[in-house]
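To keep things clear, I will list the structure first and then write my remarks on it.
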Amino acid sequence: MVDELKISLPLYEGPLDLLLDMIRKQKIDIYDIPIAQVTQQYLDYLHLMKELNVDVASDFLVIAAQLIYIKSRMLLPPDPDAAEELEDPRIELVRRLLEYEKFKNAAQMLYQREMIENAVWSNPGAVDIDQAELEPELTVGLYDLLLAFREVVKRSEQRPPMEVDREEFSVEQMMAFLWENISAASGEVPLTRVLPEITSRRRLITAFLAILELTRLRAIYLRQDRPFGEIIARANPNYELSKSASAS
Amino acid sequence: MSYPNLPALLEAIIYLAEEPVGVDAIRKALPEVDRAELDSAIQGLIEKYAAPEHGIEIREVADGLRFSTKPEHHETLKKFLKSQIAPTRLSLAALETMAVIAYRQPVTVPEIQEIRGVHAAGVIKTLLDKRFVATAGRKEVLGRPILYKTTKEFLIHFGLKDLSELPSMEEFEELIKTQAASEETIETAEQTELPLEEV
Amino acid sequence: MSYPNLPALLEAIIYLAEEPVGVDAIRKALPEVDRAELDSAIQGLIEKYAAPEHGIEIREVADGLRFSTKPEHHETLKKFLKSQIAPTRLSLAALETMAVIAYRQPVTVPEIQEIRGVHAAGVIKTLLDKRFVATAGRKEVLGRPILYKTTKEFLIHFGLKDLSELPSMEEFEELIKTQAASEETIETAEQTELPLEEV
């Protein structure tokens, strides 16, 4: 049932907007609202909307219920036992309406400012200094962080699950494999010569991690003579892999 | 190093900056320039461009300075816009929500809904996407709802120098009272008809 | 219609055009302006901006006129532009990595790469340099990779009191869900004009 009540009326931003418009249009004194009359008109309007097949949002029904409640309270004879004067049941609604009206006016003020801003232009193509050296970056806030995380999670969910071949090398095995090959070369050897055939992303990562770990343990030394050049590996002859590898 | 032609340099800086340039940023870039001298040079530039023989002006927006075209040339200039980017215009719902956030910040979605009488958290998303609002921590009440505040982009979009440039809420209260008093104003302003009469 | 202040209008046109504006295009847009008058107004503008008190000038490039900063200010302007890149700015890669660390901390580089699907060891260094992340020991798995967590600077920059103030994905989905309804409102509202009252 809730599903049917979702779209707000096109003309009004909400029940308060509708109510306020009725009151202002009929020049009703907002501090003395003829609640029976206004309630009837409000309900008529909702009824009309239903006939026009416009879904009435639940927000409108909430205010309708409140109007009916106020009306019923006002019909009750004052309780003689109650402490002197009861608060006017309309007061809370009036307060809300007046508060809302202020923001409605503020919204209109923003609208006018927006119109003025839309009539001027700034910075069409001002920058003509070489911007290549200036890294394009974003000024970020928390919302950007959240969006970025959402994007990353979405991406990782969309990626076909990595084919995990359980027969693949573990990092440990890869370390042993590489160590064996590099030290067998006795001297310098291009890294590409000692790497196993990279058949999968996982193997690439495994190899990458294994090389990093071997370097960290000072089991091997790496050298690269120029950017993107061949990486040369050399084994540390004083190193015994089995010792520290088993530590982890 | 000193700048023999400070106004010229300032003009270039303001012209070049992608976002409104704060005076602080200018000061930092030109540390050797006397503060008073800088301020008066900036003031002089603003006044110079305000004169009618200029079609562009320097405006103070979001605590910064920026060049923009003067509104009076709007119609002719429209023809020169290569890519007629539709100007961003917010819906009434978004404007109302924007107003509540601007005046009540930091404010939570439930508080906004209470004032507007409408459940419409989605509008917040629109404002977040347009970068007109940002989160501002959480309110320490039940459910710890997220607080929202306005951003620099809000100031830029609505051409405000800073938040204090917003008219006060009391002014709107006054406005409502005057409107209620003079019925003619209301009637001329009214454009939408309540379809009640047709029932 | 004539243009009482032709130079001002020309100035705005040249400023506004995204690409250099040809004199022909201007002529076409202002057919009622005498050709000689237009040419002399343009010439006058160019000369005016050529004077040393201006830091920007109107240049005649291949196919038209355009404003640009004068070369003599370029060194200072470059310095200024560089100083403008706030330390709080992040590249998209850095932002994503930052997000993964914030939401999954403590987390290792292999884990970050696994979820991002991209290798990004260099990005971690950027974040370390900006003090947004710090190391948090090692994970006791093979290779004992370093764990990363967010710092106090991270909280400050993103306006958080503590990590519990990070908005959750669920809260966010809530905003998106409700947007579908509100977007319809935006479209309808775009067509209806706000009754403008004298504010």
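Proteins come first, then strands; the chains are lettered A, B, ... in the order of their sequence lines, and each starts at number 1.
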Report task. Nearest 0.5 Å please: distance from the CD atom of C/Glu96 over to the CG atom of A/Asp144. Result -> 12.0 Å
Report task. Measure the CG-CE distance between C/Leu142 and A/Met175 for me, rounded to the nearest 0.5 Å. Result -> 7.0 Å
Report summary line: The interface call for A/Leu209 against chain C, heavy-atom contacts under 4.5 Å, is side chain
Report summary line: Answer key: most heavy-atom pairs under 4.5 Å with chain A among C/Ala102, C/Gly159, C/Gly117, C/Ala94 is C/Gly117
Query raised in the report: Take atom CZ in A/Arg218; do more than 12 heavy atoms of anything else shown fall under 6.0 Å from it?
Result: no
Report task. Answer yes or no: does atom CZ of C/Arg131 have more than 12 heavy-atom neighbours from other residues, nucleotides or ligands under 6.0 Å? Result -> no
Report summary line: side-chain contact (heavy atoms from CB on, under 4.5 Å) with A/Leu145: of C/Leu166, C/Ile101, C/Leu160, only one passes, and it is C/Leu166
Query raised in the report: Which region of C/Pro145, side chain (C-beta onward) or backbone (N, CA, C, O), has a non-hydrogen atom less than 4.5 Å from a non-hydrogen atom of chain A, or is it both or neither?
Result: neither
Requested in this report: Please answer whether the main-chain N or O of C/Arg116 pairs with a side-chain N or O of A/Arg155 as donor and acceptor at a distance below 3.5 Å.
Outcome: yes
Query - Heavy atoms of other groups near C/Lys48 NZ, more than 12 under 6.0 Å - result: yes
Report task. For residues A/Trp121 and C/Tyr15, report the shortest heavy-atom separation together with the two atoms involved. Result -> O-CE2, 3.7 Å
